Amino acid sequence: MGYDFQRIEKKWQEYWSKNQTFKVCIDQNKPKYYVLDMFPYPSGSGLHVGHPLGYIASDIYSRFKRHKGFNVLHPMGYDAYGLPAEQYAIQTGTHPEITTEKNILRYREQLDKIGFSFDWSREVRTSDPKYYKWTQWTFIQLFESWFNNDTNKAERVSDLVVYFANNGNKNLNAVCDEVDDFTDAEWNSYTERQQQELLMKYRLAFISETMVNWCPELGTVLANDEVKEGLSERGGHPVEKKLMKQWSLRITAYSQRLLDGLDNLDWPDSLKEMQRNWIGRSEGASVIFNLAGNNSKGEIEVFTTRPDTLFGATFMVLAPEHELVDEITTADQKEDVDNYVTWAKNRSERERMTEVKNVSGQFTGAYAMNPLTNEEIPIWIADYVLSGYGTGAIMAVPGHDSRDFAFARHFNLPIIQVVVKEGEAETDPTEWDDSYDSKEGVMINSGFITGMPAAEAIKATITRIEEMGIGKGTINYRLRDAIFSRQRYWGEPFPMYYKDGMPYALSYDKLPLELPKVDSYLPTKEGNPPLANANNWVTEEGYPLETNTMPGFAGSSGYYLRYMDPNNESEYFSREANEYWKDVDLYIGGDEHAAGHLIYSRFWNKVLFDMGLVCEDEPFKKLINQGKIQGRSSFVYRIQGTNKFVSYGLRKDHPTTALHVDIDLVSNDILDIDGFKNWRSEFNDAEFVLEDGKYICGYEVEKMSKSKHNVQNPDALIEKYGADTLRLYEMFLGPLEQDKPWDTNGIEGVFRFLRKLWRLYFDDTDELIITDEKASADELKSLHKTIKKVTSDIERFSFNTGVSAFMICVNELSDLKCSKREILEPFAILLAPYAPHISEEIWQKLGNDQSITTAEFPIHNDEFLVENTFEYPVSFNGKMRFKLALPVNMAKNEIEDAALSAEEAAKWLEGKTVRKIIVVPNRIINIVVG
RNA sequence: GCUCGAGUGGUGGAAUUGGUAGACACGUUGGACUUAAAAUCCAAUGAGCAUCGCGCUCGUGCGGGUUCAAGUCCCGCCUCGAGUACCA
C-alpha cells in the first residue's frame, strides 16, 4: 500500500477537530505567542494556491512554537464585508449575507483540507453582529475623543466640555479644524447645536463637508488608499473630487506617532518606507505674504521646505480652489480666472495626473509683497498647486524648483538665482535648461543670508521670519484624514442618529445596531445610500439613523484584539485577555495593505492605547510580507488562418497566434492532445505539428486569472498528492517573501520525498520496521545536523531551505539503511510543523498515544557534530586547486607545511615563489605565489 | 521623476559573518528491474576546450575598483518588479 495520504490526512484532521487539539486558553504558566494571518475576504472563487502560502508559513511557525513550549494563539476569521457580494446582490437580489455564508463555508472546507492548526473556537467575521458591535463601539470611542497636542494623546470629549465651560478654548493645544477663539462665558451661552458644531471640529471621528474621492461607477466615496493612479482600486473606475458631507477619522493627529512607531517595529524596510512616504513628513516654514496695493489688508500663508530661497520668490501661485481667489482677482482678470477655475474643476483626477507636463495657469491681477525684499510679486492660480496640501498656496521660486521654473518659462516670469553650487559662479538664469533644486550650495543675492550654506540659511531665515512675526518653522504631513463613510449596503451601520441636524452616538446598550433588511441594494431615487431604503430606519424616539455605512477597513482595524477574547458578550475583550496576549508577535500577510489596513490598524490601536484599553502602543511586533504567487500560463501556437497547431520549438517556421491553454491540459509543458481537442468544440478537429512525437507548450509568468486559464486551486493537488505534499511544496518553491511563479512541475519531487520517508519506517506491507538498536555516529550526525539546520531555518523564516534539509537527511538515512527509533522518532517531531499529518501517523505507530503536537522539539547536541578532520580547499592565488583533509585542531604553521608539501601542490609551486599563505582554520587555505 | 527591492545553469532556487559558486529539487540523457506500465534504484547533467577517466579556461545583468580571496563590499551603468506621483 505504502504512503496512503488520503486515509492519513482525513484521520488526523478528524482527530484534531474532535479533540480540539488547537484550542487555546490563557495559561499563566506558559509564555504566550500570538501568530496572526491577515484574514481573507471570502470571494466566490474560493482559495487558489496563492492564498495558503502565508497560512502555511504561519502554521509551521505556530506548530514549532507549540513544540517549543509556548502557548500559541493562532486564530482565523473572515473579512466578510465587501463589494463583490453587494454587487452580486444588486444583480440577483440575493442577500449578501447568504452569498457570504456560502463562500465562507467553501473557504473553511478548503482550509480544513490543508491541516491548519487554527483555533476555530475563536473565529470572527466582520459581518457578524456579535463582532461588529465592537466595531461600532470603537467608533463611538473615536467620536467621544479628541487629540491633545500637549499630552500627545487622545482624551475624552467629556473632559473637553468641562474645559470649555471653565476656560473657553484658551490655551488649548488640540488637533482640530479651524476654530475662532471663544471664552467660557461664550461657550456657556451657546445653544446645544452651536456647542455640538464646535465639538465636531475636535472629535477623532467627525462629520464634515470635505473634498472626497467620488467614484460615480461604484456610487460611493473612497479613501485615498483605495484610489490608485486616479482610478478606483476595485474595478479601475474613474474617480473625481467632490465636496460632500462625510464621516472622517482624524488620523492626521497621529502622523508623528505613526511615523515614530515604525522605528521599533520588526517589519520589512520596504514596507516601513512605504508607510513613511504615505505619512510624508516634511519640515519647513509657513510664511505670510501681505497683499500689495488696494488689498493691502489681506494676507496669504504658504508652506515651503525651502525658506532659504525666499529672496528668489518672484511670484505666487494659489490652487484654483483657494478661498482667496475670488477676493483678490481684479475686475479685468475676473472672466479669465473664472474660466480657468471652471476648467480645472471639470478636469478628472486622471487627466490632471497624466497631463502633468502641460503647464496651465492664470494671472489674478493681484500682487503680494515679498516680505524680505518688499518687491511686488504677481499672484497666479494654477492646478499644479494642490488645495489639499500645505495651505493650498505657494511662493514660487523658479530658480530652484523645477515646476516653478517650467511655469515661469511658460508665462515669461522673472527668474532669480539665489543658490549657487559650492565653488561655482553665478550664471544667467535665462540660459538655464532647468532649475537648480539641490540644497547643496551657497546663498547669493539673498540679503542677510548671502554667503551662507543653504542648510544654515534655512535655519537663519526661520529665525528671522519668527522675529518679524510673519511666519514660523512648521512640519507638514502628506497623510490626510481617512474618509470613513461609504454609500453602500454591505457594511457596518454607524451607531449614530441625527437630532436637530447634528449626529449623536447611540447609547452602548443599543449596540449592535443591526444592518436592516432592504428591498433594494441600490441608492434611493433621491441619491441617498441604500440604507435609506430600509423601513423604520430611526431610533426608538424616532430620530433618523445614519444611512452611510463604514468602509472595508473598519472591521479589519481591530480584529486582532477580538481574537484575544472572541466570545466575550460584555466587552470587546477583557483586560485579563489583553494583558496576557498583549500584541501580535508575528503577522503574515501581503504588502498590498501597507498604506491601508496596516496604518488604520496602528491608528485604531493607538487610540485604544491612549484610553487605557489596550496595553501595547503598537499592535504588530513582527511582520512578514509573503510574496505573491503568479500564474504560469501555457500557450499553444495556432498557425494563422488554420486550425493547425505547431509545437513550441517549431513555431518560428510559421506565422502563429499564441493562445492560452488551460494548465490542467498540460503536464511538464507537454499538451494532452485529446484533452485539448475535447476542451472546446472549435478544437475538435484541430491538427498538430509535433516535435519528438510531442506537442510542447510555451509558457509565460502572468497574474493568476480565470481568463488566462492558469488558476491553480489547491483541492485538485491535495486530491492527487495530499496536503502534506502541498504544504512542503509551497514552502519549497522559494523564499517566503519573494514573488514566484506557480509551477507544479516540481511537486513530484516533494511527493517522492514523503514516500521515501515513509519507507524508512515501514516495509512494503506497512509493517513498522523500527528497531531499538543503538544509532551509529553517522546516523546521529545526520540527525543532529538536521535538527540544527531546521531549527535555525524556522527561526529565520527560511522555510524553503528547511525542506531541503529534510530531503538531505532522508537521503542520508536511506543510504545508511537507518531504521532506528533513536533517530527516526525525533525526526518525526522535526517534520511535524511542515507535514503534520504524516508525522502524527508515524508518531502514533511508534507507540505514542498523545498527539505529536504535545512533543518537545528536539535540541541538537554539538558532540555528535564534532569532526576530526576538515577537508581544506587549497587555493593558489584564490583559485581552488585541490582538497586536503587535515585534523581540525592542527596548528596554523603545521597546516601551511602540510599544504605546501602536499603531493598536488608541487605542480602549482614549480618555478614560483610563495609570497604569502593565508590559513583560515576549518575554512580555507590560500597560497599566494608569483 | 522620486523611494524601495531584485537580476546566479534548461527551470525553481542554495551559498546565514567576504572564504570550495550552483546545495536541494524539477527537467533531460543513459542504464537496471519489468511481458509492459507505474513505482523504485544507479549514473551523468553550468559553458567551452582537451593528447574527451590527466586536466585547463571562462562563468553569478554590464563596466570598473578594494582584497590573499567578491554572487556577497565600494563606484558608475543596464534591465525588470513594487510603491508613489505637480506634496512646494
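Computed from a prediction, not measured in an experiment: that's the story for all the values here. Note on naming: letters A, B, ... go to the chains in the order of the sequence lines (proteins, then strands), and numbering restarts at 1 for each one.
- Using a cut-off of 4.0 Å between Lys/Arg side-chain N and Asp/Glu carboxylate O, A/R409 and A/D434 are scored as not salt-bridged.
- The nucleotide whose nearest atom lies closest to any side-chain atom of A/Y384 is, among B/rA88, B/rC86, B/rU16, B/rC86.
- Pairing for B/rC77 is with B/rG61, a Watson-Crick or G-U wobble pair whose two hydrogen-bonding atom distances lie under 3.5 Å.
- Counting all heavy atoms, side chain and backbone alike, A/I465 lies closest to A/K472 at CD1-N, 4.0 Å.
- Ring-plane geometry between A/H593 and A/H597 is classed as perpendicular, the angle between the planes exceeding 60 degrees on a 0 to 90 degree scale with a lower cut at 30.
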Provide a list of protein-nucleic acid N or O atom pairs under 3.5 angstrom, restricted to nucleotides 22-29 of chain B.
unit_1	atom_1	unit_2	atom_2	d
B/rA25	OP1	A/N811	ND2	2.9
B/rC26	OP1	A/R752	NH1	2.6
B/rC26	O2'	A/N745	O	3.0

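- Heavy atoms only, all atoms of each residue included: A/Y834 and A/S798 are closest at OH-O, 4.4 Å.
- Base pairing of B/rG83: its partner is B/rC2, meeting the Watson-Crick or G-U wobble criterion (both donor-acceptor distances under 3.5 Å).
- In the region residues 311-322 of chain A, proximity to RNA chain B at under 4.0 angstrom, judged on heavy atoms, holds for none of the residues.
- Between the side chains of A/Y699 and A/D743, no donor N or O sits under 3.5 Å from an acceptor N or O.
- In a base pair of the Watson-Crick type (N1 to N3 plus N6-O4 or O6-N4) or a G-U wobble (N1-O2 and O6-N3), with each distance short of 3.5 Å, B/rU34 is matched with no nucleotide.
- At the heavy-atom level, A/L386 lies under 4.0 Å from base atoms of the strands shown.
- Heavy-atom distances to RNA chain B give each of A/F870 and A/P741 a nearest nucleotide, and the one nearer the 5′ end belongs to A/P741.
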Candidate pair A/T252 and A/D481, rule side chain to side chain donor-acceptor pair (under 3.5 Å), full reasoning: CA-CA 6 Å; A/T252 49; A/D481 284 332; 2.6 Å; yes
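- For B/rA32 and B/rA25, the P atoms lie 24 Å apart once the distance is rounded to whole Å.
- The nucleotide whose nearest atom lies closest to any side-chain atom of A/R796 is, among B/rU40, B/rU16, B/rA88, B/rU16.
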Would you check, one step at a time, whether the test side chain to side chain contact (heavy atoms under 4.5 Å, CB included) holds for A/H860 with A/T791? CA-CA 9 Å; A/H860 83 275; A/T791 306; over 6 Å; no
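- Pair check for B/rA39 finds none; no Watson-Crick or G-U wobble contact set falls under 3.5 Å.
- Put simply, the side chain of A/D739 gets close to the backbone of A/K628: a donor and an acceptor are under 3.5 Å apart.
- When the C1' atom is compared between B/rG61 and B/rA6, the two are found 11 Å apart, to the nearest whole Å.
- Counting only heavy atoms from C-beta on, A/M880 has its side chain closest to B/rU20 among B/rU20, B/rU84, B/rU11.
- Atom pair A/N476:CG and B/rA88:P shows a separation of 8 Å (rounding to whole Å applied).
- Partners of A/S435 according to the side-chain contact (heavy atoms from CB on, under 4.5 Å) rule, which considers only residues two or more places apart in sequence or in another chain, are A/S402, A/F405, A/D437.
- Contact between the side-chain N/O atoms of A/Q738 and the OP1/OP2 oxygens of B/rA6 is not found at any separation under 4.0 Å.
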Footprint string (nucleotides 53-58 of chain B, 5' to 3'): B base within contact, S backbone only, - free, heavy atoms under 4.0 Å: --SSSS
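- The minimum heavy-atom distance between A/A898 and A/M890, with the atom names listed, is CB-CE, 4.3 Å.
- Across all strands shown, B/rA70 forms no Watson-Crick or G-U wobble pair with both distances under 3.5 Å.
- Base contact: A/V385 has a heavy atom under 4.0 Å from a base atom.
- Put simply, OH on A/Y721 is 13 Å from C1' on B/rA38, counting in whole angstrom units.
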Which protein N or O atoms sit under 3.5 Å from an N or O of nucleotides 74-82 of chain B?
none

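- Base pairing analysis places B/rG53 opposite nothing; no Watson-Crick or G-U wobble pair with both distances below 3.5 Å involves it.
- A/N277 has its CG atom 5 Å from the C1' atom of B/rU3, to the nearest Å.
- No side-chain donor from either of A/S282 and A/N476 sits under 3.5 Å from a side-chain acceptor of the other.
- Between B/rG64 and B/rU72, the two P atoms lie 15 Å apart (nearest whole Å).
- Separation of the P atoms belonging to B/rU17 and B/rC73 is 10 Å when rounded to the nearest angstrom.
- At the heavy-atom level, A/P735 lies under 4.0 Å from the strands shown only through sugar-phosphate atoms.
- Side chains of A/K756 and A/N811: a donor-acceptor N/O pair is present below 3.5 angstrom, by distance only.
- Side chain A/K228 to base B/rU84: no donor-acceptor pair is found below 3.5 Å.
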With salt bridge (charged side-chain N to carboxylate O under 4.0 Å, His left out) as the criterion, how do A/E812 and A/K781 come out once you've worked through the C-alpha distance, each side chain's angles and the decisive distance to 0.1 Å? CA-CA 10 Å; A/E812 285 173 356; A/K781 195 166 114 188; over 6 Å; no
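- With a glycosidic angle no more than 90° from 0, B/rC52 adopts the syn conformation.
- Going from the C1' atom of B/rC33 to that of B/rG81 covers 49 Å, rounded to whole Å.
- If you take atom P in B/rG7 and the same atom in B/rG13, they sit 10 Å apart, rounded to whole Å.
- An OP1 or OP2 oxygen of B/rU40 is reached within less than 4.0 angstrom by a side-chain nitrogen or oxygen of A/R755.
- Each of A/R306 and A/D225 was matched to the nucleotide of RNA chain B holding its nearest heavy atom; the match closer to the 5' end belongs to A/D225.
- Of all nucleotides present, none satisfies the Watson-Crick or G-U wobble test against B/rA15 with each distance under 3.5 Å.
- With both pairing distances under 3.5 Å, B/rU45 is matched to B/rG27 as a Watson-Crick or G-U wobble pair.
- Taking the syn range as angles within 90° of 0, the glycosidic angle of B/rG9 is syn.
- RNA chain B lies under 4.0 Å from at least one heavy atom of each of the following residues of residues 913-923 of chain A: A/K916, A/I918, A/V920, A/R923.
- Closest to the side chain of A/D401, out of B/rA88, B/rA39, B/rU20, is B/rA88.
- For A/F407 and A/W380, the gap between ring centers is short of 6.0 Å.
- Figure legend: cation-pi geometry between A/R881 and A/F876 absent, as NZ or CZ is not positioned both under 6.0 Å from the six-membered ring centre and within 45° of its axis.
- In the model, A/Y3 has no side-chain atom that pairs as donor or acceptor with a side-chain atom of A/T725 under 3.5 Å.
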